[in-house]
Amino acid sequence: MNIKKITTCALIASMTALMFSGCKKEEPVETVPTTEATVATTIETTAATTETSFVTYSAEEYRNAGVNELNSVPILMYHRVYGMKNSETEYTGGNVDKDGYNRTSEAFEADLRSYYEMGYRMMRLTDYVDGYIDVPFGYSPVILTFDDGIRDVVLEGWNADGTPIFDPTCAIGILEQIKAEYPDYNVTATFFVNSGLFGNGEEDDRKVMKWMVDNGYDIGNHTWDHVKLGDCTADEIEKQVGKMYQKLDEIIPGQYVNIVALPFGSPENVSSDNPQYSTIFSGTYDGFSYTTKASLLCAWTRSYSPFVREYNANAIRRIRGYDHNGTECDIEMNFRELNDGRRYISDGDPNTIVFPSSDNSSGDWLKTTYGHQVITYD
Ligand SMILES: [Zn+2]
């Protein structure tokens with residue numbers, strides 16, 4: 001990514017941050033229990049799905065753990081990770097550039113340890129989009145995304161057994177180290193690439209991508225040329241999105257995710273006034289037909305639970321992985337707000353949706369159940 005792209009992206013992000021000053025607080029905040037701890041768990045609705053067995057807890061157990069699956073999920077947006085100490089940059093914290101789109105390896109590694117210690121466990125973005133959130137009881141999901149490809153995966157060579165050797169300071173080098181250290185972290189991430197893939201050369205990148213999808217990572221679509229889709233015609237969008245899918249389909253058939261990270265977060269809204277934007281989600285390029293199940297914005301704040309009214313799969317919000325002394329929607333500010341009663345806390349069962357009944361008291365906050373059992377507690 002060149003500097004111009006970084007600047008434009010930053011501009012959009014800062015404008016967006018202004019529009020949602022203080023990172024807008026739409027979610028219901030966790031409430032203080034008002035009823036007896038012995039109140040039995042109630043099953044509010046029964047979905048018309050095949051019978052699944054699931055463990056339920058007492059209201060007291062849910063309450064003590066703060067279980068709330070209508071609360072927010074942090075989806076981090078990173079770009080390049082450079083093999084640097086924080087002291088080697090002239091910018092705040094672990095920011096490698098002025099706006100913090102790129103991160104030092106020291107800061108990135110510290111981020112991963114900090115999420116773990118705060119009780120977050122990783123999950124796949126594609127599972128989140130499918131409303132399937134599988135983290136242990138009492139823990140919260142965190143989702144990692146990387147845009148642009150370059151320096152995320154720096155190949156240093158191949159072992160005799162055919163496994164890749166990565167630069168230990170690039171994103172995947174650090175992820176692999178953390179994976180070995182924390183077996184219960186469920187280390188995973190989704191990498192959004194352009195036509196240049198990871199920049200290791202086409203032949204090596206093809207082999208690397210096959211290794212990645214076989215080893216717990218996902219690869220998605222960041223458009224062929226990294227263009228602002230909001231400025232494109234329907235034909236141009238079909239080329240930018242369709243050609244990239246076509247390439248992914250050729251390299252890792254059936255193993256990439258049908259999700260687009262929108263370059264520059266554009267368009268911000270898929271409006272019916274602009275019907276060409278529908279070609280992000282369904283279209284045909286050069287005889288290759290594709291569909292997209294979700295698209296991601298540029299980043300400033302936490303994302304909604306996929307079960308609530310405000311959640312929009314076409315405009316998924318992310319947190320920019322940068323430092324600003326705990327202000328301006330940086331990592332610290334976002335996690336401070338999440339940890340202050342706004343974070344999604346799991347009941348440990350991906351097939352149930354559990355939350356305090358007061359959180360949906362208006363009856364219209366829970367919107368989509370994905371066929372899961374809904375359990376409320378007082
Ligand atoms: Zn990008």
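Not measured: the values here are computed from a predicted model. Scope of the values below: all heavy atoms of this structure, side chains included, with no hydrogens, waters or symmetry mates.
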Query - salt bridge (charged side-chain N to carboxylate O under 4.0 Å, His left out) assessment of D111 paired with R103 - result: CA-CA 10 Å; D111 293 345; R103 196 137 182 85; 2.7 Å; yes

Could you list the donor-acceptor pairs under 3.5 angstrom formed by side chains in residues 190-198, with sequence neighbours left out?
from, atom 1, to, atom 2, distance (Å)
N194, ND2, H222, O, 2.8
N194, ND2, T223, O, 2.9
S195, OG, W224, O, 3.0

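- A donor-acceptor pair under 3.5 Å is absent between the side-chain atoms of N102 and the main chain of D97, judged by distance alone.
- Contact of the F288 side chain with the D249 side chain is registered, since non-hydrogen atoms from C-beta on lie closer than 4.5 Å.
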Report task. Give the intermediate values and the outcome of salt bridge (charged side-chain N to carboxylate O under 4.0 Å, His left out) for residues R206 and E250. Result -> CA-CA 10 Å; R206 285 170 175 264; E250 188 224 322; 3.0 Å; yes

Report task. Verify ring-ring contact (aromatic ring centres under 6.0 Å, His included) between Y57 and F137, making sure each step is shown before the conclusion. Result -> CA-CA 10 Å; Y57 296 82; F137 180 91; 4.2 Å; yes

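- Evaluation of the ring pair (Phe, Tyr, Trp, His ring centres under 6.0 Å) rule for Y128 yields Y311 as partners, not counting sequence neighbours.
- The closest side-chain heavy-atom distance from L366 to V374 is below 4.5 Å.
- Less than 6.0 angstrom separates the ring centroid of Y115 from the ring centroid of F335.
- Between K247 and E202, at least one side-chain N (NZ, or NE/NH1/NH2) sits under 4.0 Å from a carboxylate O, which counts as a salt bridge.
- For D134, the side-chain contact (heavy atoms from CB on, under 4.5 Å) partners two or more places apart in sequence, or in a different chain, are Y132, P350.
- Only one option out of I353, I316, I133 pairs with P306 in a side chain to side chain contact (heavy atoms under 4.5 Å, CB included); it is I133.
- The shortest heavy-atom contact between G66 and Y377 is C-OH, 4.1 Å.
- When side chains are defined from C-beta on, V241 does not count as touching T279, because their heavy atoms never get closer than 4.5 Å.
- Through chains of ILVMFWY side-chain contacts below 4.5 Å, M84 is grouped with Y82, V96.
- Inspection of the W300 and N334 side chains reveals no N or O donor paired with an N or O acceptor under 3.5 Å.
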Query raised in the report: Given F166 and V154, is the side chain to side chain contact (heavy atoms under 4.5 Å, CB included) satisfied, shown in steps?
Result: CA-CA 6 Å; F166 297 116; V154 181; over 6 Å; no

Query raised in the report: Which is it for T145 and L125 under the side chain to side chain contact (heavy atoms under 4.5 Å, CB included) test, yes or no, and what are the steps along the way?
Result: CA-CA 8 Å; T145 65; L125 175 67; 4.2 Å; yes

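- By the 30° and 60° cut-offs, the orientation of the rings of Y245 relative to Y290 is tilted.
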Query - Residue pair Y139, N186: steps toward the side chain to side chain contact (heavy atoms under 4.5 Å, CB included) verdict - result: CA-CA 12 Å; Y139 288 87; N186 189 34; over 6 Å; no

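- Across all their heavy atoms, Q276 and I237 have their closest contact at O-CD1, 3.6 Å.
- Sorted by first and then second residue, the pairs that involve residues 84-93 and meet side chain to side chain donor-acceptor pair (under 3.5 Å), not counting sequence neighbours, are N86-T104.
- The cluster map of Ile, Leu, Val, Met, Phe, Trp and Tyr, joined by side-chain heavy atoms under 4.5 Å apart, puts V257 and Y285 in different clusters.
- The heavy-atom pair separating I319 from P74 by the smallest distance is CD1-CB, 3.7 Å.
- Remark: the D235 side chain and the T233 side chain contain no N/O donor-acceptor pair separated by less than 3.5 Å.
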Report task. Run the numbers on D218 and R124 for salt bridge (charged side-chain N to carboxylate O under 4.0 Å, His left out), then give the verdict. Result -> CA-CA 8 Å; D218 287 305; R124 298 172 72 203; 2.8 Å; yes

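- H79 has its side chain out of reach of F146: every pair of non-hydrogen atoms, C-beta onward, lies at least 4.5 Å apart.
- Residues forming a side-chain contact (heavy atoms from CB on, under 4.5 Å) with A110 (at least two apart in sequence, or on another chain): none.
- With hydrogens and angles left out, the side-chain atoms of S295 and N314 include no donor and acceptor closer than 3.5 Å.
- Between E337 and the choices R342, R343, R302, the salt bridge (charged side-chain N to carboxylate O under 4.0 Å, His left out) rule is met once, by R302.
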Query raised in the report: When you look at D161 and T163, which way does the side-chain hydrogen bond (donor to acceptor under 3.5 Å, both in side chains) test go after all the steps?
Result: CA-CA 6 Å; D161 64 359; T163 54; 2.6 Å; yes

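- Considering every non-hydrogen atom in both D130 and Y370, the closest pair reads O-CD2, 3.2 Å.
- In this structure, M333 and D330 have side chains that are in contact, with non-hydrogen atoms separated by less than 4.5 Å.
- Residues Q240 and D225 have side chains in contact (heavy-atom distance under 4.5 Å, counting atoms from C-beta outward).
- Heavy atoms only, all atoms of each residue included: P141 and Y344 are closest at CD-CD2, 3.5 Å.
- K210 NZ: more than 12 foreign heavy atoms inside a 6.0 Å radius.
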Report task. Go through K239 and D286 one step at a time and tell me if the salt bridge (charged side-chain N to carboxylate O under 4.0 Å, His left out) criterion holds. Result -> CA-CA 8 Å; K239 179 187 167 195; D286 190 24; over 6 Å; no

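- Looking only at distances, no side-chain donor or acceptor of Q177 sits under 3.5 Å from a matching main-chain atom of P168.
- Figure legend: R320 and Y322 shown as a cation-pi pair, the cationic atom lying under 6.0 angstrom from the six-membered ring centre and within 45 degrees of its axis.
- The shortest non-hydrogen separation linking D147 to A261 is OD1-CB, 3.8 Å.
- Contact annotation: the side chain of V67 never approaches that of S346 to less than 4.5 Å [non-hydrogen atoms, C-beta and beyond].
- Between K207 and E203 there is no salt bridge, since no side-chain nitrogen of the basic residue lies less than 4.0 Å from a carboxylate oxygen of the acidic one.
- No donor-acceptor distance shorter than 3.5 angstrom exists from the side chain of T376 to the backbone of S357, with no hydrogens or angles considered.
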Requested in this report: Show your working on side chain to side chain contact (heavy atoms under 4.5 Å, CB included) between Y217 and V187 and close with a plain yes or no.
Outcome: CA-CA 8 Å; Y217 299 100; V187 168; 3.9 Å; yes

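- The shortest distance between side-chain heavy atoms of L229 and P267 falls below 4.5 Å.
- Surrounding NZ of K367 are at most 12 heavy atoms belonging to other residues, nucleotides or ligands under 6.0 Å away.
- Under 4.0 Å is where a charged nitrogen must lie from a carboxylate oxygen, and between D378 and R63 no such pair does.
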